[in-house]
Amino acid sequence: MEIPTRYDSSVESKWYDYWIEKDYFHSVPDDREPYTIVIPPPNVTGKLHMGHMLNNTIQDILIRKARLEAKNACWVPGTDHASIATEAKVVRMLREKGIKKSEITREEFLKYAWEWKEEYGGIILQQLRKLGASCDWERTSFTMDEVRSEHVTKAFVDLYNKGKIYKGLRIINWDPDAKTVLSNEEVIYNDEPGHLYHVRYKIEGSDEYLTIATTRPETILGDTAVAVNPKDERYAHLEGKKVIVPMVNRVVPIVFDRYVDIEFGTGSLKITPAHDPNDYEIGLRHNLEVIDIFNEDGTMSEDAQFYIGKDRFEVRKLITKDLEAGGHLVKIEEYNHSVGRSERTNSVVEPRLSEQWYVHTEELAEPALKSVMEDVIEFFPKNQKNTYRHWLENIRPWTISRQLWWGHRIPAWYLVIDGETKTFVAENENDALKLAIKETGNSDLKLSDLRQDEDALDTWFSSWLWPISVFNGFFDKKEIDYYYPTTVLVTGWDIIFLWVARMIMAGYEWKNEKPFEHVYFTGMVRDKKRRKMSKSLGNSPDALKLIENYGADGVRFGMLSSSPAGGDLLFDDKLVEQGRNFSNKLWNAMRLVKGWEIDDKIETPVENRLAINWMKNRLNQVIEELDGLYEKYKLSEALMTLYKFIWNDFFSWHLEVIKPAYGQPIDRFTLNETIELFETTLTLLHPFMPFVTEEIWHYIKEREDGDDCVVSKYPKAESYDQALLDVVEKVKTIVTKVREVRNSKGLKPKDKLKLYAKKSDSLLELMDSVKISGIKEKILKQAFLSGLELVDSEEIDDTIPFMAANEKFMLESNIEIDIEAEIAKIEKEIIYQKGFVASINKKLSNQGFVNNAPEAVVNMERKKLADGEERIQILKESLKTLKK
RNA sequence: GGGAUCUUAGCUCAGUUGGUUUAGAGCGCUGCCUUGACAGGGCAGAGGUCAUGGGUUCGAAUCCCUUAGAUCCCA
């Protein structure tokens, strides 16, 4: 049957099913060296996007390479419950059904949430299969499944008992949309346009006013002081005075605090301790009253006295008018300032005073910082180390409680005795009760006397245990001892604090060991205009559509071919198209090779032996290069090295030399050797393009059961003959030059012409090299020549002279050549060469250079000089003959 | 405001501790080529005083400083 001329990527699903059926991706501990990756768990209700594709392609390349190297490759997949994001989605879904979260119980809500998770959860894991991800699906984990939840509880109780978790009253970042606290890392700051309002406060018992500047006039209602800098002479006379807060007419003190910036605004600052972290600190120092004027959804509370129940942004407009009407507003300036927004809901974060659970991260940070700084854990690229250090050296307590239901409920129970609340932290309510009985001495206490904390834990409190919990690390010694520490973590640098740093802390806290050897940071996927991919811009291609159109291999190629570690990937359809075309090229090369009939009567032509010999040496050189690139995680470069080797060296040069004339058979040796080269090449390419390589693997040769590309043997680099590689490069230069001469003179590329070469020692050496035969034949075949004759003459009628590889050639042709143009060209070339020679002469006549530079470098320069002079000599002779 | 990284061909990027012909690749561009594995193809070509100005050195894209610009992190 005819093989179609186009590769059809729809075979991909067939191969994925086949690999699964053969159980190639499953790992159990054995005697081999483990190679372990845990997936950065995507949100359970998420869909595959470009970022996932990049990230997971990289992991798959590494894990497949390890598998080919006969390591015990284990890639653990899973999903994250993503508490805020998922809860927000469920709330929205319920609202559409007409159900309000505030009107249902926690149990009812969780039931809906689990239903939602069962329906939409894990779609992304199915999509990863389309990409070719060779995960061990039997190990699929979820941060809220039973095993992972047990780890979370145990970790919380353990830290609490060690005194590393505590509850405290702080100014926190409040998300009024999600109605929960956020950690500092979940707040995104950006400069946004706003206004600076200048408002005057009357000084009590005086006609004087004090003008303050604020970006948030609505918080005036919660003011409990005005502050100025003690060094500010403008305000020195106000010591001991008080001001009257507009609207509410509250009399509050003027305090003197060094925090106030004399230069900024009017130099005096209104103080709202309940709604600004800095104000809160000042409030503590001066013992100020705290008035909370907001409800949890960002509307005004009773304590605000005005605008009760109205939204904070509406109030900002209203109060501006009222302040103006009351004669308090001095002026309004345009002003850009930094605004914090919730990473998940994008609502403007409200600083709020509240009681939350915290992890004492300072102690945990110490070993985590040390191991990265000392390269015990290696970062790729290295420059992320600075960012990491800066954060860990300035680490602040980690707020881990969230006012959410979807998540791990905090394992703390409260008992109120005589109006005083006692806290018991335990792995379950029965243990908590035992603790309570023990502490109170009251054996009549019942479970119903205890009340569990309503809050859930931050999602990251479960993900930081991921490298441990996916191996059931707190309970199963065999698994964790074998797979931990994992080999490499592949993730985006945007979660270096949220996730990477915390996993390292957890690793040292509970395993006293790093969680991974290496961290490979991927960049962001952007569009070609360098914009972030986002739904609102509509510039993010549909990942599955891309796979459908170009094949997973094509997409993988496109994602990888331009994405250095840590650098952003500027995504362009063109790249994916190039990947698809590459698949097609491989396919057609296979068709060519497969189409040849063997004839045992044919002796192997000498040029074929040379070609095979050259390919084998090149292959070893390439394997060596790849090893170095993999070691440095330069995967893009590794792919491009392979791409160029396969397309240029293997297909364009090698296949073209050995290709028999149309319809003619080939000798057995050449074909077998070529198939073997093809096979090795497929193994090398397999990690990047798993499907097309597997497909072709089964076409080029009959295969026994289990002889599959996915588990083939990755070749080891052997030594290669550099001299041979150099000789062939020279030959290629000569062939290329002949083609160029034909091209520029309008000669047909495939008309057989005769080539003459001026006899020289170097040329004789090249042609008659005893070790390597087939040089002449290769040149004849690839440059479409009828013959190659070495001559003593400088000048032959009806030829075009040219120079290649420092030798003089003459190509048969009876076309008229434009002598003037030829002369001009050669003269231009002579000028260039003279400049070249002069620059080297300058170097060599410099005693400093000759004395100080290494001998090899000086010799190299001498060689360059000799070559240059030789070229000038040849050019001058050509000029002489032309001018005759 | 503090800190980090970066600036090489039209675009995206390589360029190992300073020394391999006067800087490489892929894409794009230009010309030529079509019964023959592949137009999702073949062959060849043009394109860069390595952001700027200084310095160190026998020698700088590479090390140091100035200036300009870009990106990111922290506050």
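Chain naming here is simple, since letters A, B, ... match the order of the sequence lines and numbering starts at 1 in each.
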I'd like to know if the side chain of A:D721 reaches the main chain of A:L724, judged simply by a donor and an acceptor atom lying under 3.5 Å from each other, with no hydrogens or angles considered. yes

More than 12 heavy atoms of other residues, nucleotides or ligands under 6.0 Å from CD of A:E631: is that the case? no

Any donor-acceptor pair under 3.5 Å from A:E12 side chain to A:A552 backbone: yes

Should A:K750 be listed as having a side-chain N or O under 4.0 Å from OP1 or OP2 of B:C43? no

Any A:N581 side-chain nitrogen or oxygen under 4.0 Å from OP1 or OP2 of B:G41: yes

Taking atom P in both B:U16 and B:A75, what distance in whole Å separates the two? 35 Å

Base-pairing string, 5' to 3', of RNA chain B - Watson-Crick or wobble, under 3.5 Å, | interstrand: (((((((..((((.....[....)))).(((((.......))))).....(.(((..]....))).)))))))).

Would you say NZ of A:K730 has more than 12 non-hydrogen atoms from neighbouring residues, nucleotides or ligands within 6.0 angstrom? no

Heavy atoms of other groups near A:K737 NZ, more than 12 under 6.0 Å: no

To the side chain of A:K632, which of B:U16, B:A14, B:G26 is closest? B:U16

So A:K585, base contact, sugar-phosphate only, or nothing? Heavy-atom distance under 4.0 Å. base

Distance, C1' atom - from B:A25 to B:A9, rounded to whole angstrom: 11 Å

